[in-house]
Number of protein chains: 2
Amino acid sequence: MATLSSSYTIGTLARAAQVNVETIRYYQRRGLLPRPAVVGGGYRTYSETDLARLRAIKRAQHLGFSLEEIETLLSLNEETDRVKARNLAQDKVSLIDARIVQLMEMRNALAELVDCCRHGDTAAPCPILRALSA
Amino acid sequence: MATLSSSYTIGTLARAAQVNVETIRYYQRRGLLPRPAVVGGGYRTYSETDLARLRAIKRAQHLGFSLEEIETLLSLNEETDRVKARNLAQDKVSLIDARIVQLMEMRNALAELVDCCRHGDTAAPCPILRALSA
DNA sequence: CTAAACACCGTACTCAAGTACGGAGTCAAC
DNA sequence: GTTGACTCCGTACTTGAGTACGGTGTTTAG
């Protein structure tokens, strides 16, 4: 019943999507997830559609998209907006590439200092600290 | 006179270090940069030492350290704290490595979708959007 | 029938590294 | 001798993605 029930409270939806209840409310405030109509005593009822959307958000996050970008992505039409989606994705790839290059530069500079510290003159002052202040 | 003067106001120091005045004040509030004594009419006077420290902070930032870590690093002794400095640097290298791996996973997944979108059946629904919602 | 668990909502707080604002005092140039 | 640029300081705002809190109403299990 957990994964195939068609109706959720916010709590069961949160557990099903592996997300915090507050996160769902936050997405609603952002307009990323609809606030379903209240039924009966003032509780909102969620559907499989809401669960699917939460999962799509998580997948997009794992691909590196921000919530704002995800809002755009999820508003696109699968049939007619292929180019838009592809452009968004391609831009993101470029951005990630740039970030990777930057991180690799950091990493290499730092690793060299560590090496230098490990194999250099043990009596000399720390090469890492010297590199910072020189 | 710009780079070799030994006395600065906060504004000239900021220009010399290529940093915003507010950033200097922020570092002072954080305790990362000392607040020099006021002289004369209530203005603080900065020295080459302050400029050197600002530059060290920027270098450390470029290597990926946070201000909190930089505070620790800059409190270390070049002679006696080699091992501590090296451990901090090595930990940072590992962290950067992990982040790079994560970004490469994103990048590859995303690039594959883009490729799929570019060379796949142009009549079919967008593979990127389908990947999100499926 | 009542106590625990849950839901509702608005508001405020978190982290990091700043940036911006506002009011008051000071210094230099014309 | 005043205008404009600069400094002082505390406080508040920014971004992104949530998390936490507080008060009130509801549902469910025993």
Side-chain angles (χ1 to χ4, degrees), chain A residues 1 5 7-47 50 53-54 56-74 92 95 99 102 106, chain B residues 1 5 7-47 50 53-54 56-74 92 95 99 102 106:
Chain A
M1 165 169 163
S5 82
S7 171
Y8 304 89
T9 65
I10 199 171
T12 54
L13 178 67
R15 270 191 292 282
Q18 307 253 64
V19 153
N20 200 312
V21 168
E22 297 306 321
T23 300
I24 293 176
R25 293 198 195 286
Y26 170 64
Y27 289 171
Q28 292 176 336
R29 284 199 299 279
R30 284 197 60 127
L32 193 53
L33 201 65
R35 242 187 251 260
V38 293
V39 273
Y43 284 14
R44 297 183 187 278
T45 301
Y46 298 83
S47 69
D50 298 307
R53 193 166 173 95
L54 272 175
I57 292 170
K58 289 189 84 183
R59 267 181 229 112
Q61 281 187 313
H62 275 116
L63 289 171
F65 292 102
S66 70
L67 292 183
E68 190 174 2
E69 291 163 338
I70 293 169
E71 201 173 342
T72 303
L73 273 175
L74 295 187
K92 184 58 66 179
L95 225 112
R99 180 75 181 136
Q102 191 188 20
M106 278 183 189
Chain B
M1 165 166 166
S5 82
S7 172
Y8 304 89
T9 65
I10 199 171
T12 55
L13 179 66
R15 270 192 291 281
Q18 308 252 64
V19 153
N20 200 311
V21 167
E22 296 307 320
T23 301
I24 293 176
R25 294 197 196 284
Y26 170 64
Y27 289 172
Q28 291 176 336
R29 284 199 299 279
R30 284 196 60 127
L32 193 54
L33 200 65
R35 240 187 251 261
V38 292
V39 272
Y43 284 13
R44 297 183 187 279
T45 301
Y46 298 84
S47 68
D50 297 308
R53 193 168 174 96
L54 273 175
I57 291 170
K58 288 190 85 182
R59 267 181 228 112
Q61 280 186 315
H62 274 116
L63 289 171
F65 292 102
S66 70
L67 292 183
E68 189 174 3
E69 291 162 338
I70 292 170
E71 200 173 343
T72 303
L73 272 176
L74 294 187
K92 184 57 65 178
L95 225 113
R99 180 74 181 136
Q102 193 189 17
M106 279 183 189

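First the proteins, then the strands, lettered A, B, ... as listed; each starts at 1. Values below: all heavy atoms of this structure, side chains included; hydrogens, waters and symmetry mates excluded. Just so we're clear, the structure is a prediction, and the values are computed from it rather than from any experiment.
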*Tell whether B:Y43 reaches the base of D:dC8 with its side chain through a donor-acceptor pair below 3.5 angstrom.*
no

*If you count the non-hydrogen atoms of other residues, nucleotides and ligands that lie under 6.0 Å from CD in A:E68, is the total more than 12?*
no

*Distance in angstrom units between B:E22 CD and D:dT11 P, rounded*: 15 Å

*Go through the steps to decide whether B:R25 and B:Q28 satisfy the test side chain to side chain donor-acceptor pair (under 3.5 Å), and finish with yes or no.*
CA-CA 5 Å; B:R25 294 197 196 284; B:Q28 291 176 336; 5.0 Å; no

*Heavy atoms under 4.0 Å, any strand shown: does A:R44 hit a base, just sugar-phosphate, or nothing?*
sugar-phosphate

*Is there a donor and acceptor pair closer than 3.5 Å between the side chain of B:R29 and the base of C:dT19?*
yes

*Does B:T23 make a side-chain N or O approach to OP1 or OP2 of C:dA17 shorter than 4.0 Å?*
no

*Whole-Å distance between D:dT15 P and A:E68 CD?*
10 Å

*Enter the distance from B:T23:OG1 to B:L32:CG here, rounded to the nearest 0.5 Å.*
11.5 Å

*asked:* Both B:N20 and A:R35 contact DNA chain C. Taking the nearest nucleotide for each, which residue is further toward the 5' end?
replied: A:R35

*Atom OH of B:Y26 and atom P of D:dA12: how far apart are they, to the nearest Å?*
17 Å

*Please figure out whether B:V21 or A:S66 has its closest DNA chain D nucleotide nearer the 5' end.*
B:V21

_Distance check, rounded to the nearest 0.5 Å: A:M106 atom CE versus B:L95 atom CG?_
11.5 Å

*Rounded distance (Å) that lies between atom C1' of C:dC8 and atom CD1 of A:I24*: 14 Å

_Can you measure A:K58 atom NZ to D:dA17 atom P for me and round it to whole angstrom units?_
15 Å

*Name the nucleic acid region contacted by B:Q61, choosing base, sugar-phosphate or nothing; use a 4.0 angstrom heavy-atom cut-off, strictly under.*
sugar-phosphate

*Round to a whole Å and report the spacing from OH of B:Y8 to P of D:dC6.*
17 Å

_By nearest atom, which of the nucleotides D:dT19, D:dT7, C:dA7 is closest to the A:I10 side chain?_
C:dA7

*Starting from C1' on D:dA17, measure out to CG on A:L33 and report it in whole angstrom.*
15 Å

*Nearest to the side chain of B:T9, which nucleotide is it out of D:dT7, C:dG10, D:dC9?*
D:dT7

*Quickly work out the A:E71 CD to D:dA17 P distance and round it to whole Å.*
11 Å

_Can you tell me how far apart CG (B:D50) and OH (B:Y27) are? Round to the nearest 0.5 Å._
13.5 Å

*State whether A:R25 places a side-chain N or O below 4.0 Å from either non-bridging phosphate oxygen (OP1 or OP2) of D:dG18.*
no

*With DNA chain C as reference, determine whether B:F65 or A:G11 sits nearer its 5' end, using the nearest nucleotide of each.*
A:G11

*From the list C:dA17, C:dT19, D:dT7, which nucleotide is the closest neighbour of the side chain of B:L67?*
C:dA17

_For A:K92 versus A:E69, what's the shortest heavy-atom pair and its separation?_
NZ-OE1, 3.0 Å

*Can you find a donor-acceptor pair, distance only, under 3.5 Å between B:Y27 side chain and C:dG18 base?*
no

